[in-house]
Number of protein chains: 2
Amino acid sequence: MTTKKERGKASITLIDVAKHAGVSPMTVSRVLNNLSIVKSATREKVLSSVEELKYSPNQAARSLASGRTTRICLLYGNPSSAYLGELLLGALEAVGKLGFQLIVNRVPEDISPDTLKKDLHSTWDGLIIPAPISDVAGIRRLMDAEGFPAVFLESGGVEGRAHEIGIDDFQASKDMTDFLIGLGHKRIGYIQGHPNHRTSVLRQAGFEDSVSKAGLPFGGELMTPGFFTYRSGIEAGLQLLKSDNPPTAIFASNDDMAAGVLAAASELGLKVPRDVSVVGFDDSPIATTVWPNLTTIRQPLSEMTEQAVRLLSEIINEGNNNVIPKTTSLLDYSLIKRESASAPIS
Amino acid sequence: MTTKKERGKASITLIDVAKHAGVSPMTVSRVLNNLSIVKSATREKVLSSVEELKYSPNQAARSLASGRTTRICLLYGNPSSAYLGELLLGALEAVGKLGFQLIVNRVPEDISPDTLKKDLHSTWDGLIIPAPISDVAGIRRLMDAEGFPAVFLESGGVEGRAHEIGIDDFQASKDMTDFLIGLGHKRIGYIQGHPNHRTSVLRQAGFEDSVSKAGLPFGGELMTPGFFTYRSGIEAGLQLLKSDNPPTAIFASNDDMAAGVLAAASELGLKVPRDVSVVGFDDSPIATTVWPNLTTIRQPLSEMTEQAVRLLSEIINEGNNNVIPKTTSLLDYSLIKRESASAPIS
DNA sequence: CTGAAAGCGCTTACAG
DNA sequence: CTGAAAGCGCTTACAG
């Protein structure tokens, strides 16, 4: 058990802050919770006392007194998904600091907005909706119409209609393509993502922007459809590799497909990266499982959920769902170089 | 926010229970927390009132009054591990009900017990240690010596020295082998697990028990070493498949290696399961990513952490670390039949 | 073995 | 815009 004495900050209470700021405890509470309007001079005093004393509220007292707990729900589609672990990690971290409760709810990946609508207000105070659920049509509209605090993750968001957190898929895709070009590849095949996902469009656009600026060929037999699955990666890989003038590098728009390309190459007796370079996107567990390990783009998943929880906290505290502007916030990604890509031998 | 009125049970308090049982609130508290000895008649009365009223303590009040929070820490080795998500799911569920705090801590997979010892008592109240960290030598001894509440997961536990939760690896392995035999396979290759993991020994023993009872050949060129990695699976697969008298089925003792065998087969131009059946163990995400999907053994990971948290709660409540007997508790597993195994064509 | 009192650190509801 | 009082549901420390 962690007693008060063992914890550093725990001894500083709201009363201490009130004394330090020369106001009543009630005023401190009001400032901290955006409850009603506080004169801005008073507000500043309180805030600086909070800062100076490094006060952090006791969540147990808060929820006991108010009789309420803030419940943040993280939706997920697949319990054995590679993403889930990292998403939970970040959410857990933030939720712990804020004294919120984290609920984790499995829903069908193609859940209808109506199904979601039922338990919205009665069950949760805020929702985190990661891909691929964030791509379900109508969910943004529902949240907007209901005025319900919700943050969408890694869906290549539509600016202005919802709170979104992701990475710049277009730029990341360009970076990966430029990396391949920098290696010396002049003929690069591309495997598209699932047509229903907005990120697919962005990643492909990034790729095309890059190759066309470099004056390299693209489209036609160098562009193959895919569905973000391993199996579609095998088929696309086979198709690309068996063509008359096969590419020296293949950019699969996610890791599962890139792993599939590896399988296709091996089926054709081709060595990666000696005979063909293969790169993916996502840095999912399979990237470091297969051999050779995949060069790929890493998304900061746990950071995304961490920020999502913080954002939800702000939105909920405001009371009015429209105070915090609905924008897309882009986090840093990284290009991770591993063994699956190298310069072409030619 | 969830107010008291919205929640069903929230209105029944300890005071209600005390009245109902005709005792003081203090006595109820004592019964609930195993604090000091309560006359067993009184105890029964209280317990039945708790039951009848469906009382569940308000955790916020509890931790405010006591000034303490119970912190359960889940150790993990790899944030992008397939396991992590499901482990967290179960832990989160149980922790929410008990009003505990869940901390999640990354440690090196070969962490030394001494490193762990430092923050033990000062940082956590209980520890959940899943594989492969649970296989690190000396950790059990440390927990035992420190009298620290800890539960070990999926490590094919040593009875009596620690609290362990897992599945019967021996029997599960036998089941899988029997399944292959039932399909008609008479020559089954086996890929061993990492030699440092206790589960490797158990799985291999189960396999050998099964094939020897069926009068089938085993050992020799049908038994190959592996390290639970995809890459070692490729090598082992290649070795088995290239032998003079290759097996018609290969049992890889985890999914990553089974996926490697798939790659090996494809490299040799062999179709799975037509030319060779391949099965794994664990039902990790890769099992449903690769094609064909792997027939494998599924462990109830989230159930394991759920039980682990409950067990820790009991241990912590007892105050004395030796009251709850240190045993290995075995949960149900399941054999999941997918596309990678079929009857041999012969 | 059991109880009456005080208080944990906040917020609600009411004044002003 | 700000404050004094009461209380959230438990547990601690003290009696008996």
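Chain naming here is simple, since letters A, B, ... match the order of the sequence lines and numbering starts at 1 in each.
- Spacing between atom CG of Asn33(A) and atom P of dC10(C) amounts to 11 Å, rounded to whole angstrom units.
- OP1 and OP2 of dC10(C) both lie 4.0 Å or more from every side-chain N or O belonging to Ser66(A).
- Whole-Å rounding puts the Tyr55(B) OH to dG9(D) P distance at 10 Å.
- Considering only side-chain atoms of Ser24(B), the nucleotide from dT2(C), dA13(C), dG3(C) that sits closest is dG3(C).
- Protein atom NZ of Lys19(B) is 13 Å distant from nucleotide atom P of dA4(C), rounded to whole Å.
- Rounded to an integer number of Å, the gap from Gln59(B) CD to dT11(D) C1' is 13 Å.
- Mapping Arg30(B) and Pro25(A) onto DNA chain C by nearest heavy atom places Arg30(B) closer to the 5' end of the strand.
- A straight line from CD of Glu44(A) to C1' of dC1(D) spans 16 Å, rounded to a whole angstrom.
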Practice item. Evaluate the criterion salt bridge (charged side-chain N to carboxylate O under 4.0 Å, His left out) for residue pair Arg310(B) and Glu314(B); output intermediate values, then yes/no. Key: CA-CA 6 Å; Arg310(B) 274 191 229 290; Glu314(B) 287 177 37; over 6 Å; no

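- One can place CD1 of Ile15(A) at 11 Å from P of dA4(D), the figure rounded to the nearest angstrom.
- Of the candidates dG9(D), dT11(D), dC8(D), dG9(D) carries the atom nearest the Thr13(B) side chain, counting heavy atoms from C-beta on.
- Annotation: of the two residues near DNA chain D, Ala61(B) and Met26(B), the 5′-most nearest-nucleotide partner is Ala61(B).
- Taking 4.0 angstrom as the limit, Thr27(B) places none of its side-chain polar atoms (N or O) nearer than this to OP1 or OP2 of dC1(C).
- At least one donor-acceptor pair closer than 3.5 Å links the side chain of Arg106(B) to the backbone N or O of Gly77(B).
- Of the candidate nucleotides dC10(D), dG9(C), dC1(C), dG9(C) has the atom nearest to the side chain of Leu64(B).
- Nearest heavy-atom pair, Cys73(B) versus Leu75(B), reported as atom, atom and distance to 0.1 Å: SG-CD1, 3.6 Å.
- A side-chain donor from one of Ser155(B) and Arg140(B) sits under 3.5 Å from a side-chain acceptor of the other.
- Within the structure, every side-chain polar atom (N or O) of Asn58(A) is placed at least 4.0 Å from both OP1 and OP2 of dC8(C).
- Counting to the nearest Å, the P atom of dC8(C) and the CZ atom of Arg62(A) are 18 Å from each other.
- Across all strands shown, nothing is found opposite dA4(D) as a Watson-Crick or G-U wobble partner with both distances under 3.5 Å.
- OP1 or OP2 of dC10(C) has not a single side-chain nitrogen or oxygen of Ser29(A) nearer than 4.0 Å.
- At whole-Å resolution of the value, CZ in Arg43(B) and C1' in dT2(C) are 15 Å apart.
- For the pair Thr123(B) (side chain) and Leu120(B) (backbone), a donor-acceptor distance under 3.5 Å is absent.
- dA13(D): no Watson-Crick or G-U partner with both key distances under 3.5 Å is found in any strand.
- Nucleic acid contact class of Ser63(A) (heavy atoms, under 4.0 Å, all strands): none.
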